[in-house]
2 protein chains.
Amino acid sequence: MVANESLPHPGREDIELTAVLFALSDEARLALVRQLQAGPLDMVDCSALGPEVPKSTRSHQVKVLREAGVIVSELHGRNRRLTLRREDIDARFPGLLESVLPE
Amino acid sequence: MVANESLPHPGREDIELTAVLFALSDEARLALVRQLQAGPLDMVDCSALGPEVPKSTRSHQVKVLREAGVIVSELHGRNRRLTLRREDIDARFPGLLESVLPE
DNA sequence: ACCATAGTTCGATAATAGTTGAACCGTCTG
DNA sequence: CAGACGGTTCAACTATTATCGAACTATGGT
C-alpha cells in the first residue's frame, strides 16, 4: 500500500450520521473541524490536534474524520490538504455543522 | 445504592457537546431519542432499543443518554419515564436536535 | 542524486465502551 | 403482605478505540 494513493472517502450518499457524530464526539477532532471552518489547511499546519502529538496519532484522528466523510484529505505537494466537506454534510444533515461549530 | 434514588442528571450548563454527540453516535440510542421526540415514554414502552435486549443492556444505554444530559429518567410508579431534554439541548446547542432527528 | 519533510501503515499495548447474567430494590397489584 | 414487575448495579468478559514507536514512501528542495 502506497502512501501516495488517494485515500478512500465515502461518497456523499454514503455518509452516515452516527459515524459523523462519533467522529465529532472527540475534543481534538472537533477542534480540528472547527479550525477547518475557516478554510482548507495543510495537515502540518493544523494546531488543533496539539503540537506534542505524534504523527501516527494525528494520522489516525484525521483518518476517523475522513472515513466518516467529514473531511477530504488530498495530496498537496508533500503535504496533506484537509478540507471540511461542508456542502456534503449540509446536504445530508442540514444544520448539523452550524449547530456544532461556533458561529 | 438504592434504585429508588433519583439518578444523577447534569445541570443544563454542565451538558457537554462531545458527550451529547457521543451519546447520539449509536444507532440504538439515536433511535430511542427519535422515539422520545413525540413525547415522554416509559422505558418499558421504548421499542427503539429492541425487544430482545436484556434489561441490563437497556439500562446501560439509557444511562449513557442520561449522563450526557440528553434525557431525563424519572421514577414514575414502578417504571422509569424518559423525557427528551429538548429545551436544555436547544438552549445549549441550538439546531442540533433539529438536524439530528427527522422532522 | 541525496536528504529532509510530511504522512501512512503496522503492530503492540493501553484505555474505554458494550453486553450480559445474577443479585438486588421499590412499587404496584392482588 | 406476598408476588410480579421494572429497573439498577455489579462483576466479568468481549470488543472497539486510542496511543505511539518503528519502518516505509512520495515529494520537494538543494
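A, B, ... follow the sequence lines: proteins, then strands. Residue 1 opens every chain. Note that the structure is a prediction, hence the values are computed from the model and not measured.
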Measure across [X] and [Y] and return the closest heavy-atom pair with its distance rounded to 0.1 Å.
{"X": "A/Pro102", "Y": "A/Arg34", "answer": "CD-NE, 3.1 Å"}
{"X": "A/Ala28", "Y": "A/Leu49", "answer": "O-CD2, 3.7 Å"}
{"X": "A/Ala68", "Y": "A/Ala19", "answer": "CB-O, 3.6 Å"}
{"X": "B/Ser73", "Y": "B/Arg80", "answer": "OG-CD, 3.1 Å"}
{"X": "B/Val70", "Y": "B/Ile89", "answer": "CA-CD1, 4.2 Å"}
{"X": "A/Glu16", "Y": "A/Phe93", "answer": "C-CZ, 4.0 Å"}

Tell me the interatomic distance from [X], atom [atom1], to [N], atom [atom2], rounded to whole angstroms.
{"X": "B/Leu32", "N": "C/dG18", "atom1": "CG", "atom2": "C1'", "value": "16 Å"}
{"X": "B/Arg81", "N": "D/dC5", "atom1": "CZ", "atom2": "P", "value": "20 Å"}
{"X": "A/Met43", "N": "C/dT5", "atom1": "CE", "atom2": "P", "value": "17 Å"}
{"X": "A/Lys55", "N": "D/dA23", "atom1": "NZ", "atom2": "P", "value": "12 Å"}
{"X": "A/His76", "N": "C/dG7", "atom1": "NE2", "atom2": "P", "value": "12 Å"}
{"X": "A/Leu41", "N": "C/dG7", "atom1": "CG", "atom2": "P", "value": "10 Å"}
{"X": "A/Leu7", "N": "D/dA26", "atom1": "CG", "atom2": "P", "value": "13 Å"}
{"X": "B/Glu27", "N": "C/dT19", "atom1": "CD", "atom2": "P", "value": "12 Å"}

Problem set entry | Side-chain N or O of B/Arg80 closer than 4.0 Å to phosphate OP1/OP2 of D/dT8 | yes
For this session: Using five pairs at either end of the helix from C/dA1-D/dT30 to C/dG30-D/dC1, determine the angle between the two local helix axes and round it to 10 degrees.
Result: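 The value is 30°.
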Exercise. Nearest 0.5 Å, what's the CD-CD distance between A/Glu98 and A/Gln37?
Worked result: 10.0 Å
For this session: Output the distance between atom CD (A/Glu74) and atom CG (A/Leu7), rounded to the nearest 0.5 Å.
Result: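 Nearest 0.5 Å value for the CD-CG distance: 10.5 Å.
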Exercise. Are any non-hydrogen side-chain atoms of B/Leu82 and B/Asp42 less than 4.5 angstrom apart?
Worked result: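 Result no, sub-4.5 Å side-chain heavy-atom pair not found.
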Which nucleotide wins on minimum distance to the side chain of [X], given the candidates [options]?
{"X": "B/Asn79", "options": "C/dT27, C/dG7, D/dG7", "result": "D/dG7"}
{"X": "B/Ser59", "options": "D/dT8, C/dT5, D/dA23", "result": "D/dT8"}
{"X": "B/Leu75", "options": "D/dT8, C/dT27, C/dT8", "result": "C/dT27"}

Problem set entry | Comparing B/Arg78 and B/Pro8 on DNA chain D - which has the more 5′ nearest nucleotide |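 Closest to the 5' end, via its nearest nucleotide, is B/Arg78.
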Seminar exercise, completed: With sugar-phosphate taken as primed atoms, P, OP1 and OP2 and all else as base, the protein-contact string of nucleotides 16-21 of chain D at under 4.0 Å (heavy atoms; B, S, -) is -SSBBB
